[in-house]
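These notes are about the structure you will find just below.
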Amino acid sequence: MDSFLIRGGNRLKGRVEISGSKNSSLPIMAACLMAGGKTTLKGVPRLSDIDSMIKLLGALGCDVYRHDANTPALDDGPSLNGPLDISITDETKSVAAYDIVKTMRASICVLGPLLAKRGQAVVSMPGGCLIGDRPVDLHIRGLQKLGTEFRVEKGNIVGTVPGGRLKGRRLYLGGAQGPTVLGTINIMCAAALAEGETVIVGAACEPEVWDCATLLNKMGAKIKGFGTPELHVEGVDNLTGVEHRIIPDRIECGTFMIAAAITNGELELKNCNLDHLVAVVDRLDEVGVRISRENGTIFAASARRLNPVEMTTQPYPGFPTDLQAQLMALLALGDGISVITERIFPDRFLHVGELNRMGGRIRKDGATAIVQGVKELQGASVMASDLRASAALVLAGLVAKGTTQIDRVYHIDRGYEKIEQKLRALGADIVRVKEK
Ligand code: EPZ
């Protein structure tokens, strides 16, 4: 239960390297359950969620090895971390137990690969989540359509594939809040080894879906239409291990863009794909944040005056829900009233109370937050509640008057690699206080 102590007021300046994507690494690591031989993944960040997935794959008969960061042969890009090798050593295992799944909802990503490759799976039903209601009914319904029989037993989802092989077909995967990212990837993985063609209508278009499809096609799969709402998957008999580089983390990148803006700083962002952030740059531009690209390097700098804006979170390519809290921290200092509507996780507002403890003037009304901009925020003791909410509190602490103490930063360690080191290197006054 470490905490962060942040003395606000320093402008951030300099270059920061964005890590590989957490939300792409997790489903891609799970997809390796379907490939013969060794898969080598480059750019996988060092995060507690990645450690949970490594532990889960180990329990499912995989040998997972992290090379040294300086292993020359394999690494031709950013060298924050050594490549990760994943090889299957035992295919008799198919139980994803509660003690691992409870730490990380993305464990559900092993369901499709296990059913497709091993014909059975027992995955603990993910429990409640602080950001709101997160059912997995679309995952289940999609896999049922491919021929899986399911029952729930003692809190576990138990799936079997009569006849041993899934069968491709046309299916609709849209939900009340729109497409599902991990649901699309789960069904796409399962369909890759199914008999015949699968067409997923209402598929998610996120870059993480694109990245996983690219890996699977390298392994020998036949997937088309990824990045669009209609995915076509021609099933194959086998997949083989390959080398693959994970895409940059667009949410970490967006967070650092906002860090530049909120501290009136100037940052150079390395290993950042701006094409994955069009809606984010659009909103930040409206606020008055200058994002530019020169020779492949992204620059983020802020205007003194922050304009108030309206923003509604949407499925990709719309504004991502995972940057909603961080944008709210910025707009808390806006020159007027901003309106934020959360369409993906309507209850994802645990950061509102904590930002108001720092002098924010934010009122929640259903799935909308009315943000009345204030001249300055005050340092205070606040509590991290979930991954992105804690990132918003760090951003607020960087600009607040005085010192902010953020407790329970284990939430941020799930999704931001070495964030306090990266921020300190840019001039922030932030320390991690280890729990006694
Ligand atoms: C992924 O979660 C990300 N997680 C989330 O990031 C992100 O917020 C979310 O996509 C939306 O962009 C990972 O990639 C590990 P969804 P996922 O299924 O796939 C509803 C972070 O901060 N739904 O696309 O689980 C659901 O309740 C995390 O890094 C159903 O109703 O999200 C939500 O309202 C948080 N039934 C909507 O769909 C289902 O079976 C979108 O959820 C599945 C989802």
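Note that the coordinates shown come from a computational prediction; the quantities given were computed from them, not determined experimentally. Every heavy atom of this structure was used, including side-chain atoms; hydrogens, water molecules and symmetry mates were not. Indexing begins at 1, ligand by ligand and atom by atom, following the structure's order.
For the pair Glu420 and Arg432, the salt-bridge criterion is met [side-chain N within less than 4.0 Å of a carboxylate O]. The pair Arg15-Glu268 meets the salt-bridge criterion, since a charged nitrogen lies less than 4.0 angstrom from a carboxylate oxygen. Between Arg250 and Glu208 there is a salt bridge, since at least one side-chain N of the basic residue sits less than 4.0 Å from a carboxylate O of the acidic one.
Of the possible polar contacts, none joining the Ser25 side chain to the Val44 backbone as a donor-acceptor pair under 3.5 Å is found.
Of the options Lys422, Lys22, Arg388, a salt bridge (charged side-chain N to carboxylate O under 4.0 Å, His left out) to Glu252 is made by Lys422 and by none of the others.
The contact shell of ligand 1, taken as protein residues with any non-hydrogen atom closer than 4.0 angstrom, comprises Lys22, Asn23, Ala106, Ile131, Asp133, Arg134, Pro135, Val136, Asp137, Leu138, His139, Gln177, Pro179, Thr180, Val181, Leu182, Thr321, Asp322, Ile344, Phe345, Arg348, Leu387, Arg388.
The two residues His139 and Leu182 make their nearest non-hydrogen contact at CE1-C, 3.5 Å.
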